[in-house]
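A short worksheet on the structure shown next.
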Amino acid sequence: MKIFYFLLLIFSISFSQNQVKQSDIIGEWEIKIKVKELLKEKTKKLDMFEKMAVELASGLAEDMLDSADIYIQFKMDNVAVLTFDFLDYQESEEIKWKIVNDEIVIDDSLNKKINLGSENNKWVLKNDIIYLKEKNNQLNKSIFLTKTF
């Protein structure tokens with residue numbers, strides 16, 4: 001009987017550690033994009049000149065993203081505020097979010113200006129980082145959110 005209780009305890013602890021709670025998400029998260037890594041994967045089949053053009057453009061895009069601050073403020077009522085701040089330009093938009101099957105679903109469908117995740121709205125919390133979940137169920141390590149403190 002002691003073995004049964006021990007196994008039940010171990011199972012319940014391991015199950016509870018994997019469950020994402022709303023309190024894990026609430027707060028401000030910075031959006032990080034590793035442009036070069038993202039484009040490197042997407043441009044494997046290009047020829048030499050196309051790759052050179054992409055490399056040049058990715059350097060420019062990376063510099064621009066490094067200068068921009070992009071945040072999502074997750075709130076209790078399943079509303080989040082996405083803020084984009086670049087030089088003298090700042091814009092904030094409200095979006096919806098919820099937790100479904102331990103995945104964070106960010107619904108930006110009501111706002112045509114925002115397209116987080118390129119038609120994929122599922123994100124996964126892993127090791128205190130929120131990663132975009134691709135349609136093939138792989139985590140995209142080039143697009144992620146880190147919590148600000």
Side-chain angles (χ1 to χ4, degrees), residues 10-149:
I10 296 298
F11 178 75
S12 65
I13 289 172
S14 65
F15 182 84
S16 68
Q17 288 177 343
N18 294 331
Q19 200 167 18
V20 177
K21 299 178 293 267
Q22 198 175 38
S23 61
D24 297 332
I25 308 303
I26 298 300
E28 185 175 79
W29 295 75
E30 183 175 9
I31 298 175
K32 303 276 191 171
I33 303 171
K34 295 181 180 179
V35 176
K36 288 187 179 181
E37 288 179 23
L38 188 62
L39 290 176
K40 188 176 188 180
E41 182 64 31
K42 303 290 183 189
T43 60
K44 285 183 178 179
K45 296 179 182 176
L46 298 180
D47 67 32
M48 181 182 76
F49 291 115
E50 290 171 328
K51 285 183 180 178
M52 286 177 17
V54 167
E55 184 68 29
L56 181 64
S58 71
L60 179 62
E62 190 171 49
D63 290 344
M64 289 177 64
L65 282 172
D66 285 344
S67 300
D69 294 320
I70 310 169
Y71 296 95
I72 296 180
Q73 175 74 38
F74 291 99
K75 299 181 179 184
M76 287 295 291
D77 53 358
N78 289 352
V79 171
V81 176
L82 174 71
T83 302
F84 179 81
D85 191 1
F86 180 69
L87 301 175
D88 291 336
Y89 177 79
Q90 183 179 24
E91 186 168 352
S92 294
E93 298 290 336
E94 193 171 276
I95 55 179
K96 299 284 185 187
W97 73 280
K98 61 185 171 183
I99 297 172
V100 177
N101 298 326
D102 286 334
E103 295 175 337
I104 304 149
V105 178
I106 299 175
D107 183 5
D108 56 10
S109 63
L110 298 176
N111 191 328
K112 301 299 180 202
K113 291 182 184 179
I114 301 171
N115 188 6
L116 277 176
S118 298
E119 298 178 6
N120 188 21
N121 57 2
K122 294 181 181 176
W123 298 73
V124 175
L125 178 63
K126 185 173 182 180
N127 299 326
D128 296 325
I129 298 175
I130 299 175
Y131 294 100
L132 176 65
K133 185 176 181 181
E134 298 284 353
K135 289 183 179 183
N136 63 4
N137 290 326
Q138 298 293 316
L139 296 184
N140 186 331
K141 302 279 180 143
S142 299
I143 302 174
F144 57 95
L145 288 79
T146 57
K147 194 155 195 176
T148 61
F149 297 96

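Sequence positions, counted from 1, serve as the residue numbers for this chain.
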Could you walk me through whether Leu82 and Ile70 pass the side chain to side chain contact (heavy atoms under 4.5 Å, CB included) test, one step at a time? CA-CA 7 Å; Leu82 174 71; Ile70 310 169; 4.0 Å; yes
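Asp102 places a side-chain N or O within donor-acceptor distance of the main-chain N or O of Val20, the cut-off being under 3.5 Å.
Contact between Trp123 and Phe144 at its shortest, heavy atoms only, is CZ3-CA, 4.5 Å. The shortest non-hydrogen separation linking Leu125 to Trp29 is CD1-CH2, 4.0 Å. The two residues Asp24 and Gln19 make their nearest non-hydrogen contact at OD2-O, 4.0 Å. For the residue pair Lys126 and Tyr131, the shortest heavy atom distance occurs at O-CE1, 3.8 Å.
From Glu93, atom CD reaches atom OG1 of Thr83 across 9.5 Å, with rounding to the nearest 0.5 Å. Distance check, rounded to the nearest 0.5 Å: CG of Leu132 to CD1 of Ile104 gives 11.0 Å. Rounding to the nearest 0.5 angstrom, the gap separating the CG atom in Leu139 from the CD1 atom in Ile130 is 12.0 Å. Considering CD1 of Ile143 and CD of Glu134, their distance stands at 6.5 Å, rounded to 0.5 Å. Considering NZ of Lys122 and CG of Asn101, their distance stands at 8.0 Å, rounded to 0.5 Å.
Applying the side-chain hydrogen bond (donor to acceptor under 3.5 Å, both in side chains) rule to Ser23 yields no partners; only residues at least two apart in sequence or on another chain are considered. In this structure Asn127 satisfies the side chain to side chain contact (heavy atoms under 4.5 Å, CB included) test with no other residue, sequence neighbours excluded. In this view, Thr146 satisfies the side-chain hydrogen bond (donor to acceptor under 3.5 Å, both in side chains) rule with no residue, not counting sequence neighbours. Under the rule for a side chain to side chain contact (heavy atoms under 4.5 Å, CB included), the partners of Gln138 that lie at least two apart in sequence or sit in another chain are Asn136.
Evaluation of the side chain to side chain donor-acceptor pair (under 3.5 Å) test over residues 71-82, restricted to residues two or more places apart or in two chains, returns Gln22-Asn78. Sorted by first and then second residue, the salt bridge (Lys or Arg N to Asp or Glu O under 4.0 Å) pairs involving residues 26-35 (not counting sequence neighbours) are Glu30-Lys32.
Looking only at side-chain heavy atoms (C-beta outward), Lys147 and Asp128 stay at 4.5 Å or farther from each other. Residues Lys96 and Val79 meet the side-chain proximity criterion, which asks for heavy atoms closer than 4.5 Å. Annotation: side chain of Ile72 is in contact with side chain of Ile106 (closest heavy-atom distance under 4.5 Å).
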